[in-house]
Amino acid sequence: MTSEKENSRQKHAQTIPKNIQGTMAILEVEKFGKYIGSNKYEVNVSTCSGFFIERNQIATSFHVLEGAMSITAKHVDTEAAYTIEGIIAFDEKNDLAILKVSEEKIPFQLGNSGTVEKRARIFAIGYDGDKENTAAATVRSIEKKGKWFRLHIPAGGPGWSGCPVLNNEGEVIAVLSRGTAKPSGNKGYAAPASALEALLTAAERTEAQPLAEWQNRPRIRAYLEYKRGRAYQAGEDFEGALAAYNEAINLNPDIPDAYKARGETQFKLIMLNAKGSYKQISSLDFITFLMDRVKAYRLMSTNYFEPDLRFFRSQMLARLCLIPLRWLDNPKEVYARADAKMQNGNLKVEAGDIVEAWKHYHAAIADLTHLIAWEPKFALAYNARGWTKYLLGQIATERKNTGEAEWYYRSAVADSDIAIALATADEDSSAAYHTRGAARAALGDYDNAIADFDAAIRLNPETAMDYLDRGLAKEALGEKDAAKADFEEATLKNGDLAKNYYEEGRGKNHRRAYEAAMVSFDKAIRLNSEYAPVYSNRAISQNGLGRCELRRENPEEAKYHLHGAIADCTEAIRLNPKYTAAYNNRGLAKYRLGQAVSACGDSQEAERHYQAAIADLDKAIELNPKHVKAHRNRGYVKEKLCQQEAAEADFQKAKALDSAAQTE
């Protein structure tokens with residue numbers, strides 16, 4: 001403990017009551033540290049304060065939990081850990097949160113914050129590494145019509161967030177939110193007990209949510225993305241940081257620090273791209289940076305914070321510079337730039353690089369959002385932003401983040417609503433209806449999706465994708481005949497559509513983006529269900545997914561994919577009984593199915609699958625004696641059957657055939 005802290009506490013010791021009733025808690029919170037590459041981060045651990053407000057409920061500040069990877073609550077003196085069941089209530093605006101724990105302790109009593117007056121002598125109990133952690137304070141002012149207390153408190157730095165502020169009777173009259181413990185400042189801000197009392201009332205009607213589940217709420221997940229952005233920024237991955245800040249702002253547009261950090265990152269990228277020369281900075285980039293500074297200032301000024309002078313200067317400069325975009329850049333050029341970023345994201349998806357795709361999509365959304373701010377009637381920008389959000393929803397769906405996916409799809413619907421209202425050309429309206437239909441279909445709202453596709457087709461009847469997607473929606477509703485008619489119409493409009501999806505799927509398989517490949521093959525099959533290679537190549541996707549699940553030691557999931565691969569190969573063979581690749585793929589699937597069954601403990605069933613695999617691979621070699629993969633795969637199966645000499649013969653044959661093929 002520093003001598004300055006000690007002197008301050010001794011000076012005010014006579015004002016601190018001795019009979020305080022209530023139990024304090026230390027909160028240890030893990031958050032993202034520096035990004036170190038390969039989707040890995042350093043972890044920062046910070047300590048904050050909390051206190052029992054009910055026998056099994058700990059009150060603290062909301063910002064203590066925001067962006068947390070994990071939370072541990074401990075007793076201040078014994079450091080015994082409490083069992084956190086989850087977050088039972090929170091108030092983002094007043095910076096309050098309540099944790100529910102399994103253990104019971106003596107709670108503090110709530111006082112009447114409405115009776116607190118300016119210059120009142122109060123005190124706080126917090127944690128800053130000391131066991132003796134009480135500090136006297138003074139109410140400097142009551143701000144925002146009683147919604148915040150501004151304090152003079154000699155100890156208000158890290159560790160004190162979330163601590164109780166007490167009156168002379170030892171009752172909680174506020175919760176310390178943030179502050180600084182500097183000789184020049186010693187300022188703190190506290191939320192009044194009336195806000196905490198309202199939160200306790202809300203907690204009576206809710207169940208505790210575990211941290212991971214709570215973090216899935218879009219507005220809460222925004223803080224996690226903001227922290228991730230800070231980690232990227234610390235690791236000098238500025239594009240990754242920008243994408244994370246964009247996502248944070250999309251999920252929750254009320255976080256001032258996200259705008260401030262995005263502005264800083266934008267400026268860093270601007271200077272890097274301009275190679276340090278201000279003359280190379282485009283007017284659009286500069287105003288984009290200023291707009292974020294202005295937004296951060298405005299949000300901060302509506303809270304209890306006192307924005308610093310630099311933010312004030314930024315706002316004034318931005319007000320002078322915010323002239324219409326058409327005087328600086330052609331909106332169509334900005335739109336084209338956003339479209340290029342979206343297309344780059346599509347290429348990354350096809351390459352299986354979801355992380356990079358995510359960055360490009362968010363960069364496109366950022367451009368479109370700024371464009372809309374300057375040109376609020378630009379219908380194409382709304383539709384493009386909606387479609388990009390739909391694509392982000394597809395990524396979230398693939399990652400099994402259902403809550404995140406739903407948010408993106410609903411946001412896409414909202415953007416396309418505006419695009420439909422603003423569009424003046426039939427082609428633009430048709431595209432917006434298609435975007436909304438695709439998003440609604442992804443949400444399971446197939447009836448309204450079909451209505452949107454109907455409108456898109458009515459306005460522009462020559463777009464094959466509208467028929468395809470309408471057919472998929474009808475198929476989901478069990479309207480098979482109507483769906484088939486739409487698939488046939490889509491093929492008539494674009495005879496190469498099925499082939500295009502087939503080739504797209506093959507490319508994705510080559511890049512091991514198996515789930516994305518499955519989507520392409522599914523569409524190809526809807527358009528042409530009699531083309532055997534599509535089934536065989538979809539089996540490759542299923543085989544790949546099955547192998548991935550085996551490596552993750554998930555045999556049940558592996559069996560699901562491998563049964564699908566076998567069914568696809570069987571259909572391919574029905575369509576073409578002499579299809580060598582289909583026999584090889586089915587043999588490989590049966591071999592891996594044997595591995596999955598063996599992992600579940602059924603060795604006899606596994607052997608039956610191995611024997612069936614041998615039969616398929618024999619047939620593949622009969623049809624094409626020079627099939628390298630069939631020989632190699634048969635060698636793997638024979639190894640499992642303990643036929644070592646026969647396995648080695650197959651491996652040698654495969655090696656010889658491969659060498660011969662390379663020299664031809």
Donor-acceptor contact below 3.5 Å, side chain [X] vs main chain [Y]:
X: Ser411; Y: Trp407; value: no
X: Ser113; Y: Ser194; value: yes
X: Tyr259; Y: Tyr245; value: no
X: Lys31; Y: Glu66; value: yes
X: Gln215; Y: Ala68; value: yes
X: Ser161; Y: Ser177; value: yes
X: Ser61; Y: Ala97; value: no
X: Asn246; Y: His362; value: yes
X: Thr60; Y: Ser49; value: yes
X: Ser416; Y: Asn383; value: no

Next item on the list: Please check if the distance between the ring centroids of Tyr409 and Tyr390 is under 6.0 Å.
Entry: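 Yes; Tyr390 has its ring centre under 6.0 Å from that of Tyr409.
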Using salt bridge (charged side-chain N to carboxylate O under 4.0 Å, His left out) as the criterion, list what pairs up with [X], not counting sequence neighbours.
X: Glu247; answer: none
X: Lys359; answer: Asp237, Glu356
X: Glu103; answer: none
X: Glu404; answer: Arg221

Checklist line | side chain to side chain contact (heavy atoms under 4.5 Å, CB included) involving Arg552 - partner list, sequence neighbours excluded | finding: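 Cys548, Glu549, Asn554.
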Next item on the list: Inspect the contact between Arg219 and Asp254 and indicate whether a charged nitrogen and a carboxylate oxygen are less than 4.0 angstrom apart.
Entry: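 Judged by the 4.0 Å cut-off on N to carboxylate O distance, Asp254 and Arg219 do form a salt bridge.
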Item checked: Electrostatic pair Glu264-Arg230, nearest N-O below 4.0 angstrom ->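 Result for this pair is yes, salt bridge flagged.
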Notebook entry, point to check: Does a sphere of radius 6.0 Å around CD in Glu197 hold more than 12 heavy atoms from other residues, nucleotides or ligands, not counting ones at 6.0 Å or beyond?
Noted result: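 No, not enclosed.
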Next item on the list: Return yes if a side-chain donor-acceptor contact under 3.5 Å exists between Glu28 and Thr72, otherwise no.
Entry: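 The criterion, which ignores hydrogens and geometry beyond distance, is not satisfied for Thr72 and Glu28.
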Notebook entry, point to check: If we ignore angles and hydrogens, is there a donor and acceptor under 3.5 Å between the side chains of Tyr361 and Asn346?
Noted result: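 Tyr361 vs Asn346: donor-acceptor pair found between side chains.
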Notebook entry, point to check: Listed by chain and number, what are the side-chain hydrogen bond (donor to acceptor under 3.5 Å, both in side chains) partners of Tyr223, not counting sequence neighbours?
Noted result: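 Tyr223 satisfies side-chain hydrogen bond (donor to acceptor under 3.5 Å, both in side chains) with Glu92 only.
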Check: Stepwise, does the side-chain contact (heavy atoms from CB on, under 4.5 Å) test hold for Glu236 with Lys268?
Finding: CA-CA 10 Å; Glu236 297 189 351; Lys268 184 67 176 180; over 6 Å; no
Check: Using 30° and 60° as the class limits, which term best fits the ring planes of Phe51 and Phe108: parallel, tilted or perpendicular?
Finding: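 The arrangement is perpendicular - the two ring planes meet at more than 60°.
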